[in-house]
Amino acid sequence: MNGIDLRTINTIRFLSIDAVEKAKSGHPGLPMGAAPMAYTLWKNHLCYSPKNPLWFNRDRFVLSAGHGSMLLYSLLHLFTENLEMEELKNFRQWGSKTPGHPEVHITPGVEATTGPLGQGISNAVGMAMAERYLAETFNREKFEVVDHYTYVLASDGDLMEGVAQEACSLAGHLKLGKLVVLYDDNSITIDGSTGLAFSEDLGMRFKAYGWQGIEVRDGNSIEEVNSAILLARKVTTKPTLIQVKTRIGYGSPNKVGTAAAHGSPLGEKEVEETRRNLKWPEEKFHVPEEVREALGKIKEEKGRKETKWKNLMEQYRLQYPEDHALFMEFTGGKLLKGIDTEQLYAFTDKAMATRKASGKLLTGLTKEIRNLVGGSADLAESTSTLLKDEKDFEYGSYQGRNIRFGLREHAMGAILNGMTLHGGLKVYGSTFLVFSDYMRPAIRLAALSKLDPVFIFTHDSIGLGEDGPTHQPIEHLASLQLIPGLQVIRPADAKETAAAWIKALETRDRPTALILTRQDLPVLKETSKNAEKGGYILIKEKKKKPDLIIMASGSEVRLAVEAHKALKGKGVDVRVVSMPSVTIFKEQKKEYIEEVLPKDVKLRIAVEAGVGAVWNEFLGRKGKFIGLSDFGHSAPGAVVMEKLGFTEENITETAMKMMK
C-alpha cells in the first residue's frame, strides 16, 4: 500500500470518527474497519459521476450496514461534488443531509434507505434484476447502453436476517452475475461476538445458494481486496460474496475488535490515542491537501465515464431511434401517456372479484406500459397477476415480465423497492393480504423512501371463506392504513378497481397497496371515476340533508347499497358513501370532504370487515362501526360474513336503533 492510499483510508476513518464524536452518537467501528475495502472499490472499480449522482448507467453502491453511515458520507464527500464538509460536521443533526442511517431522498449519492439490517442487500438484488431486465431490453451489438454493477457492503447482521437469506437465495437462482457483496466479516454485533448466536459456515451457505465465494484474509490489504473484486467481475453467471476479514474499530488501541467500538463514540481520550496510534494530526475533520489532489484526479477520470456514455447514447439514438425513444419513455415516468383511461372503466355488469378485475386491467396495461413488471410470492394464479402472454424473468430470459419470487414475501417487498430505486421500471408484487405482515418492514421503507411500487394484496377479508382464520385478515387493512405515506385502496367493484390502478400509476412519490377480494362482487351502477378521490357520494339522499350516512369500503359497499334500499322503504333518507381509500380521501380539499361528509349530519355508520381503526375520525361521537374485534372462522365465505354481522339486515337494524 503506497502512502497516498493509506492517508486517504485514514482520512475516511477520521472523518467518521470526528463526526460521530461531535454528534456524541453513531457507529465508528465499521468505518474504521471497512475503510480499506470501501476505498479500493470506489477508487479502482466503482463507475459513477462525481457531479451527477443520478447518472443512469452508474454502478450502484449500497451500504446495507446502514449503521456505518459515516463511511458512506465520508466517501461521498471525498469522491463526489455533492456533500459538503459542513454536512459531515452536522452528522445526525436536525435538517442535515447526513442522518443517522442513510436516506435515499435526503442525501445525494445514497442509493437506498438502509438501517434495518438485511434490507439494503435485498434492495441490491432488485437493482441487479432491474439492470439485467433493461440491459436485455435495450442493449444492441456495440451498444451496451445499460451495463453496470451493483455493489453492496454488508455486515454480519445483514446476513443473519431472514430477508437477506430470502433475497440472496433468489439472486443465486437467477444467476445475477453483476451483483457483488463485500461482507465486512468483523465477528462483532451489538451484544458482542457473533459466536454468541452465529456459527454456521457462511461461505457454504452462499455456495448452496449458487454464489461464487471469495475470501480476503486481511481487510487492510487493498491488493487482496482489489484482486477479489477483479475475480468477482470475471464470473458472469453467479453473484459473488467477498468475505473480507476486518477488525471493527481498527486503529483504536483499547476498543479494536470489541463491541465497544460498534455503536458508541470512542470517547475523547480514546480518539486521542487512536490519532497517535495511526499518526494522524490533532485537527478535527482534517483532509490532507495531497489527498484532495489525488482524489481530484480520480474524480476527473470518473467524470469522463458519463461523458463517454452520453456520446454512446447519441450514437444509439441515431442508429436505433425507436429503441432510444422507448428508453426515454422508460426513464421518463409518464406511464399513462397515450392511454384512454375512460376505457379502463368499461366493465360489464357481470359480477367479478376485484382481484380478477385487477388481473384484467393489468393484462391490458402491460400491453401499453412496456416497463410494467412484477409477479407474486408463489400465488400468481390466485392473485391474478400472471401475464399469460409474457415470459418469466429468469436466466436466459431477463426480459421476461413475470417475476417468480417464490415463497419469499419479505424479499419480494425489498426487491421491488430495489427495482424502483434503480429506475426505469414500474413494479408490482402480490400475495394474500394476511401475508402482508411478512412484508411490512419493506412496505414501511418504501413509504419512508417515497418509492412507488404497487403492492397487490388479495383475499382481503373473512369473505375468502373456508381457509379460515389463519388466512382471513382482520387487522391488516387498518395496519397498512396507519403507515404514513402508503396509499391504501380497497375498491368496491371492477370500476373502482380501475380507479385504483389509475391512481397507482399516476402516483410517483409513494407506494400503493391494492386490497382486493377473492369473492365476486356486483358491478354497481352508481360507482364512478370519483373513486379516484378516495371517497365519494355513491347514492345521494332525496331531501336537502340526509337522515343518516352509511360509509363502507370494498365488498361491504354492496351491503350499504342494499341497506339503503331497505331503509328507504322505512322512510329513512340515507346517503351512501363509498370510501375505497381513506388515505386519499383525507388529502382532498376541505370543501370536498365537507361536501361528502357534512359536519351537521351526526348519525353515521361505517361498515368494513376488519378492526376499522381509521374510521373513528369520520364517525364522530354518535357514529357506529360495524366491523370485527376477533378472528374469523372456517366456513363458506357468505356464511362467515352473515354469522359475523355483515348483512343488509344488521346494517338496517343498527340504523333504525340510531334513529330512535
Is there a donor-acceptor contact under 3.5 Å from the side chain of Ser69 to the main chain of Gly100? yes

Is it the case that more than 12 heavy atoms not belonging to Arg444 sit under 6.0 Å from its CZ atom? no

Could you check Glu136, Lys178, Arg60 and say which one makes a side chain to side chain contact (heavy atoms under 4.5 Å, CB included) with Glu131? Lys178

Has the side chain of Asn371 got a donor or acceptor atom that lies under 3.5 Å from a matching backbone atom of Gly424? yes

Residue list, salt bridge (Lys or Arg N to Asp or Glu O under 4.0 Å) with Asp493, at least two apart or on another chain: none

Could you measure the distance from the NE2 atom of His105 to the CG atom of Leu451? Nearest 0.5 Å is fine. 9.5 Å

If only atom types and distance count, is the side chain of Ser581 paired as donor or acceptor with the main-chain N or O of Ile584 below 3.5 Å? yes

Side-chain donor or acceptor of Ser64 paired with backbone N/O of Ile121 under 3.5 Å: yes

Judged by atom type as modelled, is there a donor-acceptor pair below 3.5 Å linking the side chain of Arg604 to the main-chain atoms of Phe618? yes

Donor-acceptor under 3.5 Å (Asp392 side chain, Gly400 main chain): no

Sorted by chain and residue number, the side-chain contact (heavy atoms from CB on, under 4.5 Å) partners of Pro116 (sequence neighbours excluded) come out as Gln119, Leu445

Answer whether the closest heavy-atom distance between the side chains of Ile537 and Ile539 falls below 4.5 Å. no

Under 3.5 Å, side-chain donor or acceptor atoms of residues 635-651 against the rest of the protein: list the pairs with distances, not counting sequence neighbours.
residue : atom : partner : partner atom : Å
Thr647  : OG1  : Asn650  : N            : 3.0
Glu648  : OE2  : Thr652  : OG1          : 3.2
Asn650  : ND2  : Gly645  : O            : 2.8

Taking Ser382 for its side chain and Leu379 for its backbone only, find out whether a donor-acceptor pair lies under 3.5 Å. no

Applying ring-ring contact (aromatic ring centres under 6.0 Å, His included), name anything that partners Phe206, two or more places apart in sequence or on another chain. Tyr209, Trp211

Minimum-distance pair of heavy atoms, taken over all atoms of Gly120 and Thr114: CA-CG2, 3.6 Å

Under the side-chain contact (heavy atoms from CB on, under 4.5 Å) test, which residues partner Ser528, sequence neighbours left out? Asn530, Tyr536

Is it the case that the side chains of Thr507 and Gln487 hold a donor-acceptor pair, with the cut-off being a distance below 3.5 Å and no angle test? yes

Looking only at the side chains, is there a donor atom on one of Arg490 and Ser553 sitting less than 3.5 Å from an acceptor on the other? yes

Return each pair, listed once, that meets ring pair (Phe, Tyr, Trp, His ring centres under 6.0 Å) where at least one residue sits in residues 459-491; pairs must be two or more places apart or across chains. Phe432-His459, Phe435-His471

Please report the C-alpha distance between Glu496 and Ile489 in whole Å, then the side-chain angles of each, then the deciding distance to 0.1 Å, and finally whether the side chain to side chain contact (heavy atoms under 4.5 Å, CB included) criterion is met. CA-CA 9 Å; Glu496 284 196 1; Ile489 311 176; over 6 Å; no

Glu111: which residues meet the salt bridge (Lys or Arg N to Asp or Glu O under 4.0 Å) condition with it, sequence neighbours left out? Arg58

Could you check whether Ser155 and Asp158, counting side-chain N and O atoms only, form a donor-acceptor pair closer than 3.5 Å? yes

Side chains of Ser461 and Gln519: closer than 4.5 Å at any heavy-atom pair? yes

Quick check against the 3.5 Å criterion: does Lys495 have a side-chain atom that pairs as donor or acceptor with the backbone of Thr527? yes

Calculate, to the nearest 0.5 Å, the distance between atoms CG and CD1 belonging to Leu628 and Ile474 respectively. 4.5 Å

Locate the shortest heavy-atom distance separating Val427 from Met419; write the atom from each residue and the value. CG1-CB, 3.9 Å

To the nearest 0.5 Å, what is the distance between OG1 on Thr189 and CZ on Phe198? 10.0 Å

Do the side chains of Val62 and Met127 get nearer than 4.5 Å, heavy atoms only? yes

Pair listing, salt bridge (Lys or Arg N to Asp or Glu O under 4.0 Å) test, anchored in residues 614-625, at least two apart: Lys586-Glu617

Please walk me through it: do Thr517 and Thr458 pass side chain to side chain contact (heavy atoms under 4.5 Å, CB included)? CA-CA 6 Å; Thr517 66; Thr458 69; over 6 Å; no

Among residues at least two apart in sequence or on other chains, which ones pass salt bridge (Lys or Arg N to Asp or Glu O under 4.0 Å) with Arg558? Glu562

Taken in chain and number order and not counting sequence neighbours, the residues that satisfy side-chain contact (heavy atoms from CB on, under 4.5 Å) with Arg440 are Ser479, Leu480, Ile483

Applying side chain to side chain contact (heavy atoms under 4.5 Å, CB included), run through His564 and Ile550 and close with a yes or a no. CA-CA 8 Å; His564 167 269; Ile550 301 177; 5.6 Å; no

Just checking Tyr395: does its OH atom have more than 12 heavy atoms from other residues, nucleotides or ligands closer to it than 6.0 angstrom? no

Count the heavy atoms belonging to other residues, nucleotides or ligands that lie under 6.0 Å from OH of Tyr438, then report whether that count exceeds 12. no

Could you tell me whether the side chain of Arg132 and the main chain of Leu176 form a donor-acceptor pair under 3.5 Å? no

In plain terms, say whether Lys529 and Glu342 are close enough for a salt bridge, that is, a side-chain N and a carboxylate O under 4.0 Å apart. yes

Salt bridge (Lys or Arg N to Asp or Glu O under 4.0 Å) with Arg370: which residues, sequence neighbours excluded? none

Rounding to 0.5 Å, atoms CE (Met658) and NZ (Lys602) come to a distance of 12.5 Å

With a 4.5 Å heavy-atom cut-off, do Phe455 and Leu514 have their side chains touching? no

Distance alone, cut at 3.5 Å: any donor-acceptor contact between the side chains of Thr385 and Ser430? yes

State, yes or no, whether a side-chain contact exists between Arg355 and Thr383 at a heavy-atom distance under 4.5 Å. no

Rounded to the nearest 0.5 Å, the OG1 atom of Thr470 sits from the CG atom of Asp467 at a distance of 6.5 Å

Donor on one side chain, acceptor on other, Arg408 and Ser169, under 3.5 Å: yes

Heavy-atom distance under 4.5 Å between the side chains of Leu597 and Tyr592, does that happen here? no

Within a reach of under 6.0 Å around CG of Leu196, are more than 12 heavy atoms found that belong to other residues, nucleotides or ligands? yes

Whether the Tyr183 and Asp156 side chains hold a donor-acceptor pair (N or O, under 3.5 Å, no angle test) is what I'd like checked. yes

Nearest 0.5 Å, what's the CG-CD distance between Leu372 and Glu390? 10.0 Å

Do side-chain atoms of Tyr398 reach the backbone of Leu174 as a donor and acceptor pair under 3.5 angstrom? yes

Under the side chain to side chain contact (heavy atoms under 4.5 Å, CB included) rule, what do Trp615 and Ile605 come out as? Steps first, then yes or no, please. CA-CA 10 Å; Trp615 286 102; Ile605 296 174; over 6 Å; no

Who pairs with Glu368 by side-chain contact (heavy atoms from CB on, under 4.5 Å), at least two apart in sequence or on another chain? Ile339

